[in-house]
Colleague: 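Here's a structure for you.
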Amino acid sequence: MLIALSLLIGFISAFIGSVAGLGGGVILVPILLFLADHLESFHWATPQTIVGVSLVVMVFTGLSSALSYLKHNRVDLKLGFILMLGSIPGGIAGSWLNQFFKTDLFALLFGAVMIGVSLVFFLPRKEPEAAGEMGGFSRKKVIDGQTFQYSFPLTLSIVFAFGVGILSGLLGIGGGSLIVPALILMFQIPPHIATATSMFIIFFSSITSSATHVFLGHVDWLNTLLFIPGAYLGGTAGAMLNRKLNSNAVEWFLRVLLILIGIRLIWQGIG
């Protein structure tokens, strides 16, 4: 029963996370927090071990998703490597900070972050012709015969990625729930490129963040290994579905998903 449930949770978390470019942690973390309160077989799940499990599993979610997105030329490699300059050290710092948080505060903070990010999607958008006003690196990418042009500022991108990395390591969310909205809203990057690039970043940042949690003793390896096969398959399947969705569908998927997760976690934190 435990094995089957862990495989299913791993698959669903990675599938949804890969479609939205979030990495799966936003699904896996709340599920494990809930199961820790209701099932004896998940008694091992504390906020620290849950984040450790989530980040290790996201290494494999990110790997399967990134390989699929790279195969179909949807990842902006230059943007991805620049953002990693900030997200990787930020993830290490956030992983270290995680050990000081208790369950209720952890759930409240996580829920507030999710609600805040979801609301950003309802802010007024720039006109398409204003997308390059921030300067920086200009990019052009062709996907399925359609050409996309956008730009991003170097310094702001790295500083922002560092902040995202801290929250990623702290909350076990992989950073995608913040990176994807920022790329779409701040830099006017097409949703399909944003989600694909996010999964590429998540793969590398999860390696360093999870290594920090391993060093701190937050990873329960016996239970973690049960989630990995489902996560790898779910990441691949989610990337396949993402390629079939249009940009508006991807954005609405993100909005609804983040709001639901945020409400659930805030309710848990105050309950």
Side-chain angles (χ1 to χ4, degrees), residues 1-69 91 94-95 98-99 103 106-107 110 114 168-177 198-242 257 260-261 264-265 268:
M1 177 63 179
L2 177 61
I3 295 176
L5 183 58
S6 297
L7 290 172
L8 179 62
I9 292 172
F11 180 88
I12 293 174
S13 300
F15 177 78
I16 296 175
S18 181
V19 171
L22 307 186
V26 290
I27 308 298
L28 182 59
V29 170
I31 288 176
L32 290 182
L33 284 170
F34 175 81
L35 293 177
D37 290 336
H38 294 83
L39 289 182
E40 178 63 28
S41 55
F42 285 85
H43 67 278
W44 52 269
T46 66
Q48 286 72 37
T49 58
I50 287 173
V51 171
V53 168
S54 174
L55 289 170
V56 171
V57 171
M58 276 195 293
V59 172
F60 296 90
T61 303
L63 175 62
S64 61
S65 301
L67 288 175
S68 179
Y69 284 128
S95 297
N98 171 269
Q99 61 189 311
T103 304
F106 179 82
F110 195 179
M114 294 300 97
S168 170
L170 178 64
L171 302 175
I173 58 177
S177 57
S198 173
M199 293 307 302
F200 176 75
I201 297 168
I202 284 170
F203 168 61
F204 289 98
S205 62
S206 294
I207 291 175
T208 54
S209 296
S210 61
T212 304
H213 279 279
V214 170
F215 177 77
L216 293 171
H218 295 165
V219 178
D220 185 323
W221 285 108
L222 181 60
N223 289 292
T224 300
L225 293 174
L226 298 178
F227 295 96
I228 291 175
Y232 190 88
L233 295 174
T236 302
M240 291 175 60
L241 177 60
N242 176 280
L257 179 61
L260 291 176
I261 292 171
R264 170 67 185 87
L265 284 169
Q268 176 176 327

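Sequential numbering from 1 along the given sequence is applied to the chain's residues. Since we're looking at a predicted model, the values are computed, not measured.
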Colleague: May I ask you to test the V59-S210 pair for a side-chain heavy-atom distance under 4.5 Å?
Modeller: yes
Colleague: What's the shortest heavy-atom distance between L222 and L226, and which atoms?
Modeller: O-CG, 3.7 Å
Colleague: Quick check: closest heavy atoms across A14 and A231, and the distance to 0.1 Å?
Modeller: CB-O, 3.1 Å
Colleague: If every non-hydrogen atom of V19 is compared with every non-hydrogen atom of G238, which pair is closest and at what distance?
Modeller: CG2-O, 3.4 Å
Colleague: Quick check: closest heavy atoms across L225 and P229, and the distance to 0.1 Å?
Modeller: O-CD, 3.3 Å
Colleague: Enumerate the residue pairs fulfilling side chain to side chain donor-acceptor pair (under 3.5 Å) with a member in residues 222-235, sequence neighbours excluded, ordered by first and then second residue.
Modeller: W44-N223, D220-N223
Colleague: Under 3.5 Å, side chain of S206 to main-chain N/O of F203, donor-acceptor pair present?
Modeller: no
Colleague: Only counting residues at least two apart or in another chain, list the ones meeting side-chain hydrogen bond (donor to acceptor under 3.5 Å, both in side chains) with S64.
Modeller: none
Colleague: Can you give me every donor-acceptor pair (side chain of residues 21-31, partner residue at least two apart or in another chain, under 3.5 Å) with its distance?
Modeller:
none

Colleague: Partners of H43 by ring pair (Phe, Tyr, Trp, His ring centres under 6.0 Å), sequence neighbours excluded?
Modeller: none
Colleague: Look up atom CG in L2 and atom CG in L35, then write down how far apart they are to the nearest 0.5 Å.
Modeller: 10.0 Å
Colleague: Atom CG of L8 and atom OG of S13: how far apart are they, to the nearest 0.5 Å?
Modeller: 9.0 Å
Colleague: So how far is it from I12 CD1 to L7 CG, rounded to the nearest 0.5 Å?
Modeller: 11.0 Å
Colleague: Can you list the residues that meet the side-chain hydrogen bond (donor to acceptor under 3.5 Å, both in side chains) rule with S65, with sequence neighbours excluded?
Modeller: S18
Colleague: Hey, what do you get for OG1 (T236) to CZ (F60), rounding to the nearest 0.5 Å?
Modeller: 12.5 Å
Colleague: Working to the nearest 0.5 angstrom, can you tell me the gap between L67 CG and F200 CZ?
Modeller: 10.0 Å
Colleague: Going from OG1 on T61 to CG on L233, what distance comes out if it is rounded to the nearest 0.5 angstrom?
Modeller: 10.5 Å
Colleague: Could you tell me which residues satisfy ring pair (Phe, Tyr, Trp, His ring centres under 6.0 Å) with Y69, sequence neighbours excluded, listed by chain and number?
Modeller: none
